[in-house]
Amino acid sequence: MLVRVLITGGAGMLGRKLTGRLLDLGQLRDASIDAIDLVDLVESPIESEGCTAHVADFSRPGEAEALVALEPDVVFHLAAVVSAEAEADFDKGMAVNVDGTRRLFDAIRLSPITPRVVYASSIAVFGAPFPDPIPDDFHPTPLTSYGTQKLIGEALLADYSRRGFFDGIGIRLPTVSVRPGAPNAAASSFFSGIIREPVDGVEAKLPVSRDVRHPHASPRAAVGFLVHAAELDTKRLQGRRNVTMPGVSVKVGEQIEALERVAGSEAAALIVESPDPAVAEIVAGWPQRFDAARATALGFAADANYDDIVRAYMEDDLR
């Protein structure tokens with residue numbers, strides 16, 4: 001048996017790392033991977049036999065239909081306008097995160113295929129006030145446009161799966177850190193910046209208090225979540241198609257302590273306090289800690305601690 005994979009956001013950090021993992025595995029869902037189609041607004045830099053880059057905007061009429069016509073067996077829907085950008089540009093966030101997601105889902109609905117769809121959602125679907133820790137049955141009440149848009153996607157995924165249009169699972173990712181490369185437009189970008197830049201010998205600005213607590217997953221762990229979601233028997237979800245992923249919950253100060261243990265005091269000294277009230281306000285409405293017992297029981301595995309997350313960056317991405 002052969003399997004074809006479609007990845008939206010294929011040129012992004014997670015898309016590239018997921019592609020690399022799939023190429024290493026060579027198989028998915030007990031079948032050999034025949035082809036991987038990488039879709040993004042820019043061409044994916046990955047050049048490998050079996051990988052095809054497509055430059056497309058699936059939020060535009062006709063684009064999603066052309067992609068679904070490739071008849072993928074597994075669709076990883078990673079493409080999105082991220083948190084701070086969605087807050088600053090409401091129309092763009094709605095166009096991509098809501099309208100684009102529905103166009104993609106409808107293209108699958110109207111096609112002859114019923115693929116596994118893995119939807120990259122976010123813990124931003126939850127809003128304060130929170131219990132500590134947040135249980136699996138806590139109600140989603142987002143306090144940002146991005147979180148609201150992701151929650152709409154979750155609802156669509158659940159209903160389209162209920163109707164049998166595809167077999168979907170949504171995974172609510174913690175903040176993924178440490179992200180390699182340049183900072184993105186997400187409000188959470190500093191969580192990676194305060195590790196990545198100092199490790200590279202560059203000064204990093206810290207826009208929030210060191211007492212801010214937040215859950216994290218390394219890119220390694222996030223890719224593991226995606227692959228496991230593609231292979232999971234969705235009957236185990238019992239109709240609850242969206243799952244909060246486990247993560248490492250630490251304070252910003254604990255991130256910095258981990259940086260010092262792994263990379264040295266010289267790196268930690270490169271962090272400069274630079275309060276940003278706008279970022280602090282967004283972050284104040286985010287979750288701090290989850291009891292992700294359901295995901296753990298389903299076999300999703302988190303990083304052991306934040307030291308390991310720093311080490312993963314240095315091993316996988318430090319140049």
Side-chain angles (χ1 to χ4, degrees), residues 3 5-9 14-15 18 28-30 58 64 67-68 72-80 94 96-111 113-127 134-142 144 146-174 176 215 217 221-247 287 290-302:
V3 62
V5 177
L6 174 66
I7 304 175
T8 72
L14 271 184
L18 172 60
L28 189 67
R29 297 174 60 80
D30 297 323
F58 63 87
L67 298 172
V68 172
D73 302 285
V74 180
V75 177
F76 292 97
H77 183 27
L78 311 182
M94 289 294 290
V96 175
N97 297 342
V98 177
D99 300 337
T101 295
R102 186 180 174 189
R103 285 187 188 278
L104 178 63
F105 288 0
D106 273 344
I108 298 172
R109 174 174 69 89
L110 298 171
S111 76
I113 62 172
T114 53
R116 169 64 55 87
V117 174
V118 180
Y119 174 58
S121 188
S122 167
I123 57 172
V125 301
F126 298 105
I134 301 167
D136 280 316
D137 58 358
F138 187 70
H139 51 85
T141 50
T144 62
Y146 174 72
T148 300
Q149 292 153 11
K150 282 296 184 181
L151 184 58
I152 292 169
E154 287 190 5
L156 292 173
L157 177 102
D159 196 47
Y160 281 48
S161 297
R162 179 186 66 84
R163 298 292 297 265
F165 302 143
F166 54 66
D167 182 18
I169 176 171
I171 60 171
R172 296 168 179 150
L173 293 171
V176 178
V223 168
F225 297 157
L226 291 165
V227 173
H228 187 65
E231 299 189 320
L232 184 70
D233 180 0
T234 52
K235 291 179 182 177
R236 298 178 63 192
L237 299 176
Q238 298 181 320
R240 296 170 59 198
R241 292 277 175 165
N242 298 285
V243 186
T244 303
M245 294 293 100
F290 288 92
D291 177 10
R294 183 170 178 244
T296 302
L298 290 168
F300 293 95

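Keep in mind that what you see is a predicted model, and the values were worked out from it rather than measured. Counting begins at 1 with the first residue of the sequence.
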Between Asp136 and Ala293, the two heavy atoms sitting closest are OD2-N, 3.3 Å

Salt bridge (charged side-chain N to carboxylate O under 4.0 Å, His left out) filter on Asp291, not counting sequence neighbours, yields none

All heavy atoms of Ile123 vs all of Pro174, minimum pair found to be CD1-CA, 3.9 Å

The side-chain hydrogen bond (donor to acceptor under 3.5 Å, both in side chains) partners of Asp106 (sequence neighbours excluded) come to Arg102, Arg109, Tyr160

Interatomic distance, CD@Gln238 vs CZ@Arg294, rounded to 0.5 Å, equals 8.0 Å

Tyr119 meets the ring-ring contact (aromatic ring centres under 6.0 Å, His included) criterion, sequence neighbours left out, with His77

TODO: Report yes or no: does His228 contribute a side-chain atom to a donor-acceptor pair with the main-chain N or O of Ala301 at less than 3.5 Å?
DONE: no

So salt bridge (charged side-chain N to carboxylate O under 4.0 Å, His left out) across residues 225-236, not counting sequence neighbours, yields none

The side-chain contact (heavy atoms from CB on, under 4.5 Å) partners of Asn242 (sequence neighbours excluded) come to Glu154, Leu157, Ala158, Arg172

For Ser161, the side-chain hydrogen bond (donor to acceptor under 3.5 Å, both in side chains) test, sequence neighbours excluded, returns none

Sorted by chain and number, sequence neighbours left out, salt bridge (charged side-chain N to carboxylate O under 4.0 Å, His left out) with Arg241 holds for Asp167

Interatomic distance, CZ@Arg103 vs CG@Leu67, rounded to 0.5 Å, equals 13.0 Å

**Message:** Between Arg116 and Ala229 (side chain of the first, backbone of the second, donor and acceptor by atom type, cut-off under 3.5 Å), is there such a pair?
**Reply:** yes

Smallest heavy-atom separation, Leu104 atom then Phe58 atom, equals CB-CD1, 4.5 Å

Tightest non-hydrogen contact, residues Leu78 and Ala120, listed as CD2-CB, 3.8 Å

One should read off an interatomic distance between Leu14 CG and Leu173 CG, to the nearest 0.5 angstrom, of 7.0 Å

Sequence neighbours excluded, the answer for side-chain contact (heavy atoms from CB on, under 4.5 Å) partners of Ala80 is Asn97, Lys150

Q. Would you call Leu298 and Leu237 a side-chain contact if the rule is heavy atoms closer than 4.5 Å?
A. yes

For Ala221, the side-chain contact (heavy atoms from CB on, under 4.5 Å) test, sequence neighbours excluded, returns Ala217, Ser218, Phe225, Asp303

Here the pair of heavy atoms bringing Phe126 nearest to Pro140 is CD2-CA, 3.8 Å

So, do Phe105 and Phe165 have ring centers that fall under 6.0 Å from each other? no

Any donor-acceptor pair under 3.5 Å linking the side chain of Thr144 with the backbone of Gly147?
-> yes

Residue set satisfying side-chain hydrogen bond (donor to acceptor under 3.5 Å, both in side chains) with Thr141, at least two apart, ordered chain then number -> none

Heavy atoms of Pro72 and Leu6 approach each other most closely as CB-CB, 3.7 Å

Sorted by chain and residue number, the side-chain contact (heavy atoms from CB on, under 4.5 Å) partners of Ile152 (sequence neighbours excluded) come out as Val98, Thr148, Leu156

When rounded to the nearest 0.5 Å, the distance separating CD of Gln149 from OG of Ser122 is 11.0 Å

